[in-house]
Amino acid sequence: MTNTQVTASEVQAIFNRLAPVYDQFNQSLSFGLHRIWKLMTVKWCQPKLGDVGLDVCCGTGDLTQLLAQQVGKTGKVIGLDFSVELLAIAQQRATQNTPQLPLEWIEGDALNLPFGDQTFDCATMGYGLRNVTDITQCLKELYRVLKPSAKVAILDFHRPHQPLIRSFQQWYLNQIVVEQAKRFDLTDEYAYISPSVDRFPVGTEQVKLGYNTQFSHAVHYPIAGGLMGVLVLTK
Ligand SMILES: C/C(=C\Cc1cc(O)c2ccccc2c1O)CCC[C@H](C)CCC[C@H](C)CCCC(C)C
Ligand SMILES: C[S@@+](CC[C@H](N)C(=O)[O-])C[C@H]1O[C@@H](n2cnc3c(N)ncnc32)[C@H](O)[C@@H]1O
């Protein structure tokens with residue numbers, strides 16, 4: 001995946017191929033810290049009991065489940081993704097671990113959400129915005145399906161400003177992560193992360209994109225020393 005822009009079908013193929021090891025890699029390579037980053041993200045979209053929530057690019061459903069725990073049994077959360085392999089794992093995990101949660105899984109495109117205008121009270125997106133092929137179109141769809149005053153919290157990697165931390169992140173992604181991926185013949189799939197982070201807008205640019213998409217408020221919170229970030233957009 002060395003070219004400057006991968007196609008949607010290439011992204012889809014990447015995640016279908018790495019699906020079997022996705023959760024275990026995230027857990028081991030982040031020392032479990034990704035769960036904290038995801039919980040922070042869910043809190044930032046300010047879910048309430050009874051809300052109807054959406055997790056875009058849900059993957060195996062980590063954020064979807066966390067969001068469902070917040071809206072409770074009177075609420076509902078839909079997880080959408082275009083990777084059938086990751087969705088299958090999401091469905092299996094939910095059935096086994098949280099059968100009581102109000103979850104629904106939909107195969108679909110983040111750039112053309114199969115929902116009506118003003119459907120959702122809250123939304124999340126974890127490590128998805130960097131992977132879609134049209135960030136502006138994705139933000140327009142998020143704006144469209146949110147109810148007035150609703151928030152979407154968008155978690156992703158962030159290139160740290162601090163040179164030492166930035167070098168550490170690049171080393172960790174290009175050495176540690178890719179070395180581990182070699183064990184499963186997934187070198188290319190995980191080598192895709194670092195250049196995708198380089199292409200991804202920094203926090204201040206993400207805020208501008210949010211305002212340009214007509215969101216009434218946009219703020220970016222660097223977390224984990226700037227290794228990650230959460231963009232919170234209010235309709
Ligand atoms: C949950 C995480 C990443 C999800 C993820 C996102 C992508 O865009 C991918 C693309 C291609 C393959 C896989 C993924 C993917 O898994 C974050 C945690 C997992 C990261 C792979 C680990 C890297 C974390 C930080 C760069 C360094 C952490 C330092 C450590 C806590 C000391
Ligand atoms: C790194 S994973 C994130 C999964 C999950 N949100 C998490 O936090 O672990 C990125 C996900 O985005 C999905 N994705 C990328 N582009 C998409 C699109 N246009 N429509 C739907 N899903 C997409 C991939 O299939 C993959 O499941």
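Order of listing sets the numbers, starting from 1, for every ligand and every atom in it.
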Residue, atom name and distance, where the atom is the protein heavy atom closest to [atom]:
{"atom": "atom 7 (C) of ligand 1", "result": "Arg130 NH2, 3.4 Å"}
{"atom": "atom 2 (S) of ligand 2", "result": "Tyr22 OH, 3.4 Å"}
{"atom": "atom 19 (N) of ligand 2", "result": "Asp109 OD1, 2.9 Å"}
{"atom": "atom 12 (O) of ligand 2", "result": "Cys57 CB, 3.3 Å"}
{"atom": "atom 13 (C) of ligand 1", "result": "Tyr190 CE2, 3.4 Å"}

Do the rings of Tyr143 and Phe215 sit parallel, tilted or perpendicular, given the 30° and 60° boundaries?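 Geometry flag for Phe215 against Tyr143: perpendicular rings.
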Ring geometry between His158 and His161 (parallel below 30°, tilted from 30 to 60°, perpendicular above 60°):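 Perpendicular, since the angle between the ring planes exceeds 60°.
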Could you tell me, atom by atom, which parts of ligand 1 come under 4.0 Å of a heavy atom of [X]?
{"X": "Tyr192", "value": "10 (C), 11 (C)"}
{"X": "Leu18", "value": "12 (C), 13 (C)"}
{"X": "Leu33", "value": "31 (C)"}
{"X": "Glu189", "value": "11 (C), 12 (C)"}

Sub-4.0 Å heavy-atom approach of Phe25 to ligand 1: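 No.
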Taking N or O atoms only and a 3.5 Å limit, does Tyr22 qualify as a polar contact for ligand 1?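 There is no such contact.
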Has ligand 1 got any nitrogen or oxygen that is less than 3.5 angstrom from a nitrogen or oxygen of Asn26?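 The answer is yes, given that Asn26 and ligand 1 share an N or O pair closer than 3.5 Å.
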Tell me, with the steps shown, if Cys58 and Leu86 meet side chain to side chain contact (heavy atoms under 4.5 Å, CB included). CA-CA 8 Å; Cys58 66; Leu86 287 173; over 6 Å; no
Decide yes or no on side chain to side chain contact (heavy atoms under 4.5 Å, CB included) for Cys122 and Lys147, but give the supporting numbers first. CA-CA 8 Å; Cys122 52; Lys147 292 179 181 177; over 6 Å; no
Tell me whether [X] reaches ligand 2 (any heavy atom closer than 4.0 angstrom to a ligand atom).
{"X": "Cys138", "answer": "no"}
{"X": "His34", "answer": "no"}
{"X": "Cys58", "answer": "yes"}

Between Met125 and Cys138, is there a side-chain heavy-atom distance shorter than 4.5 Å?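 In contact.
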Is any side-chain heavy atom of Phe115 closer than 4.5 Å to one of Ile106?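 Answer yes - side chains close enough.
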Quick one: does Ala110 get an N or O within less than 3.5 Å of an N or O on ligand 2?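 The answer is yes, given that Ala110 and ligand 2 share an N or O pair closer than 3.5 Å.
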Using a plain distance cutoff, I'd like to know if Asp81 has any nitrogen or oxygen under 3.5 Å from a nitrogen or oxygen of ligand 2.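 Yes; the residue has a nitrogen or oxygen that sits under 3.5 Å from a nitrogen or oxygen of the ligand.
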Quick test of your reading of the structure: of [options], whose heavy atom lies closest to [atom]?
{"atom": "atom 3 (C) of ligand 2", "options": "Gly126, Ser196, Gly59", "value": "Gly126"}
{"atom": "atom 18 (C) of ligand 1", "options": "Ser196, Ser30, Ala191, Gly128", "value": "Ser30"}
{"atom": "atom 14 (C) of ligand 1", "options": "Ile193, Asp23, Leu129", "value": "Ile193"}
{"atom": "atom 17 (C) of ligand 2", "options": "Phe82, Tyr127, Phe157", "value": "Phe82"}

If we ignore angles and hydrogens, is there a donor and acceptor under 3.5 Å between the side chains of Arg35 and Gln27?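 Indeed, the side chains of Arg35 and Gln27 share at least one donor-acceptor pair under 3.5 Å.
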Check step by step if side chain to side chain donor-acceptor pair (under 3.5 Å) holds for Asn26 and Tyr127. CA-CA 11 Å; Asn26 287 343; Tyr127 300 100; over 6 Å; no
Examine Phe184 together with Phe25 and report whether their ring centres are nearer than 6.0 Å.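 Centroid distance Phe184-Phe25: below 6.0 Å, so yes.
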Centres of the Phe200 and Phe157 rings: under 6.0 Å?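 Distance test on ring centres: not under 6.0 Å, no.
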Atoms of ligand 2, numbered as shown, that sit under 4.0 Å from any heavy atom of Gly108: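 Listed by number with element, the hits are 20 (N), 21 (C).
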Working to the nearest 0.5 angstrom, can you tell me the gap between Leu129 CG and Asp134 CG?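 Interatomic distance, Leu129 CG to Asp134 CG, rounded to 0.5 Å: 10.0 Å.
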Quick one: look at Gln12 and ligand 2, take heavy-atom pairs under 4.0 Å, and tell me if it's side chain, backbone, both or neither.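 Answer for Gln12: neither.
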